[in-house]
Amino acid sequence: MANRNYNSDNGRESRESYRKSLPKPLWRRIISWLFLAIFLLLLSGVGLFAYYAKDAPNISRAQLQSGGSTALYNTDGKFLLSLGSEKRIYAKDNSDMQLLKDAIVSVEDKRFYKDKLGIDPIRIVGSMLTNAKNQSVSAGGSTITQQLVKLTVFSTDPSQRTLRRKAQEAWLAMRVQREYTHDEILEFYINKVYMNYGNYGIGTAANFYYGKKIGELDLAQTALLAGMPNRPTVYNPYVYPKYAKYRRDLVLKAMLDNKKITNEQYQTAKNESITKGIKPHRQRAQSDLRKIDDPYIKETIQEVKAKGFDPYRDNLKITVNIDQKAQNKLYELANSNQVPFTNDKMQIGASVVDPSNGHVVAIIGGRHLPSTVQLGLDRAVQTSRSTGSSIKPVLDYGPAIEYLNWSTAKMLDDSKYYYPNTDIQLYDWDNKYDGLMTMRHALEQSRNVPAVKTLKQVGVKRAAKFAGQMDIHVPKNSGLSVAIGADASSLQMAGAYGAFAANGIYHKPQFVSKIETPDGLTRNYDSEGIRVMSKSTAYMITDMLKGVIKRGSGTNAQIKDLYQAGKTGSVKYSNEELARYPSYGSTPKDSWFVGYTQSYSIGVWTGYDNLKDGTISGIGQQSAQLFYKNMMTYMMRNKQNVDWQKPNSVIRAKIVKNSNPPMVSSTGEWQLFVRGHAPAGIVDDTSDDKDDDSSSTNYNEQKRTVAPRKKSSDNHSDDNKNDTGHDRDQGTANNNSGKPDKDKNKEKPNQNNNSDTTENNQGNDSGSQNQSSEEHEHH
């Protein structure tokens with residue numbers, strides 16, 4: 001028996017050992033590995049959360065109680081203004097707040113008062129499942145506490161929803177939940193949210209929309225205000241009453257479901273008109289500073305939004321590039337009698353840019369604007385008006401030098417011309433043709449035919465690419481008429497001309513230099529700029545544009561002894577417009593001047609918003625030039641007057657007038673050539689004699705200053721007395737030969753110089769009566 005028992009026990013042990021030696025079922029192994037993976041995932045998640053949370057910013061009671069408005073500062077750190085225009089009415093927690101608190105909790109976070117963490121795991125999991133189902137991140141799992149944290153120290157922009165920020169947001173929400181009561185948190189939230197029109201906090205909004213305190217609002221009015229923070233612009237009762245009612249009724253239904261109101265109260269409030277009790281919407285008169293800076297503020301807001309922030313909700317500190325004194329002067333010139341205009345309805349859009357960094361120094365969007373208008377039409381950035389001939393350096397002659405290596409002595413032919421494959425004849429401003437002339441003369445006197453022929457030689461696609469680098473957007477399938485007028489704004493033109501001023505380096509015009517968020521992050525937006533053309537192209541265009549002001553179409557912009565360059569632009573009415581207003585025939589529709597020094601580039605457009613408002617007549621035809629002259633004189637009053645230095649890639653020589661091929665003569669006119677592309681026998685003239693049209697000053701290259709000199713007896717006869725002129729042109733003559741310029745190629749390592757390549761892309765000019773009528777340059 002004993003042996004049998006022993007054997008029995010031994011058998012059982014053997015069977016147990018055998019069972020243990022058998023491999024585990026697959027499902028058990030899968031579960032084991034799954035639990036291990038979940039454990040490791042949770043462990044790594046906790047570690048990652050801790051890693052992100054350790055860098056979370058501090059958050060104080062003062063921050064939680066503060067308003068949410070964004071502040072603007074200048075580059076010197078001086079406070080300019082706040083975007084919150086309405087004085088905040090802080091609503092303290094009391095019995096009058098109970099209905100509003102019930103509404104907010106019902107629609108935003110039903111478990112708010114039960115929440116001890118500051119985060120709601122149930123909502124987070126629900127939002128994750130919803131987002132996974134919809135393949136988006138539209139559903140949020142944020143508690144009211146998290147929303148408060150977000151409004152206090154983080155950006156609300158969807159692009160900022162990173163894992164790091166979510167972890168920090170959750171960590172701070174848990175800290176806030178530990179340190180403050182639920183009622184305190186709700187009070188902070190009620191006074192933090194943005195409610196449109198510069199209003200922060202629902203107490204402020206109650207006064208703005210209803211002229212009441214929170215406790216004086218009825219149920220429907222309370223529900224409307226409680227629902228607005230979700231999307232304040234969309235649920236604006238003045239602008240979108242249907243959407244506002246939809247949101248209000250959602251809040252009421254949430255209150256009913258949360259047993260905060262009865263069904264009878266719900267039905268009564270739901271049937272109430274959305275406009276009941278709402279005050280008439282009146283725009284408030286702005287402060288003088290707000291009125292003067294309005295166009296600058298508008299563009300700043302747009303730029304900040306484009307960078308991924310909401311300036312009305314993100315509590316930002318924005319450093320802007322405004323020069324307030326320059327902005328004041330721009331406003332003064334537009335609205336006083338210092339610059340003459342045809343009448344008070346004549347409008348203006350002007351921009352002042354620093355070409356060395358792209359900073360928009362000042363901008364004006366119109367004249368005699370109502371003091372109640374905020375963020376109104378900014379004519380300085382409108383792109384629906386043709387530039388007229390001010391586009392020629394950017395789209396025609398700049399590319400011709402850059403890609404075809406033309407010299408300023410290049411002969412062009414100003415003769416009778418029809419757009420290819422059409423019966424549309426191209427005219428110059430004086431309805432005459434002046435025959436052969438140099439490129440310099442054609443640009444100075446703003447002759448149209450040479451400009452169009454130049455664009456044809458370059459090719460529209462290639463010219464559009466050149467201009468596009470400076471954010472002048474010309475469709476590549478445009479017709480040749482774009483050579484004498486493209487759609488662009490004064491800001492775009494000031495920026496593009498700034499590239500000429502900066503020796504070929506382009507800085508995109510920008511209003512914002514720096515953005516600081518409440519969480520301590522700083523984003524700087526200044527850039528090094530990009531080279532968009534060779535130094536030789538920029539210098540040669542600048543040298544020709546100096547002549548525009550000295551003796552060409554821009555003589556009204558002359559500033560004594562100042563080194564400056566610029567170009568006029570003028571647009572005529574279409575045949576259809578003239579049929580309605582025949583008396584406008586001898587006047588321009590739009591008048592431009594874009595000019596620059598090494599310190600500033602200024603673009604000025606003048607014209608009318610509507611045909612019926614009038615036409616640019618009399619002294620108004622010079623308003624753009626005179627406005628530029630006054631503004632540039634002011635801007636340069638404390639700046640060093642510095643001339644542009646000729647780069648080694650440019651040859652300077654005196655050439656016999658209209659000689660073809662060019663011939664050197666001591667009595668000739670100064671012309672410029674791209675080194676390596678000048679005809680044989682033409683060498684760089686290093687003479688210090690600068691009576692080439694350079695203004696009555698001597699340039700001291702060592703001190704980089706100018707000193708006045710005695711007037712020369714040569715006064716260029718009658719050329720300086722008016723703004724008309726006569727030119728010649730020959731598009732087929734190739735005066736530039738020789739070996740490629742190694743220095744120039746170094747400046748443009750990625751560009752392909754095909755010197756006489758003609759791109760056969762003429763675009764579509766046929767039947768374009770409006771284009772053909774807009775090609776006349778009117779002086």
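Counting from 1, the numbers follow the sequence of the chain as shown.
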Please determine, by modelled atom types, if [X] and [Y] share a side-chain donor-acceptor pair under 3.5 angstrom.
| X | Y | value |
| --- | --- | --- |
| Gln558 | Thr555 | no |
| Thr597 | Gln564 | no |
| Thr667 | Ser665 | yes |
| Tyr584 | Ser617 | no |
| Tyr417 | Asp428 | no |
| Tyr497 | Gln492 | no |
| Thr568 | Ser553 | yes |
| Thr542 | Tyr596 | yes |
| Gln671 | Thr408 | yes |
| Lys567 | Ser446 | yes |

Electrostatic pair Arg440:Asp543 at N-O distance under 4.0 angstrom: yes
Do Lys453 and Asp414 sit within salt-bridge range, that is, some charged N less than 4.0 Å from a carboxylate O? no
In this structure, CD of Gln621 is separated from OG of Ser586 (nearest 0.5 Å) by 7.5 Å
Identify, with sequence neighbours excluded, every residue that meets salt bridge (charged side-chain N to carboxylate O under 4.0 Å, His left out) alongside Lys508. Asp471
Can you list everything that forms a salt bridge (charged side-chain N to carboxylate O under 4.0 Å, His left out) with Asp613? Sequence neighbours excluded, please. none
Backbone of Ala494 reached by a side-chain donor or acceptor of Ser601 within 3.5 Å: yes
Is there a donor-acceptor pair under 3.5 Å between the side chain of Gln625 and the backbone N or O of Asn556? yes
Which residue, Lys550, Arg551, Lys392, Lys546, forms the salt bridge (charged side-chain N to carboxylate O under 4.0 Å, His left out) with Glu444? Arg551
Row check, Trp670 ring normal vs Arg652 NZ/CZ: under 6.0 Å, within 45°: yes
Listed once per pair and sorted, the salt bridge (charged side-chain N to carboxylate O under 4.0 Å, His left out) pairs that draw on residues 381-391, sequence neighbours left out: Arg385-Asp590
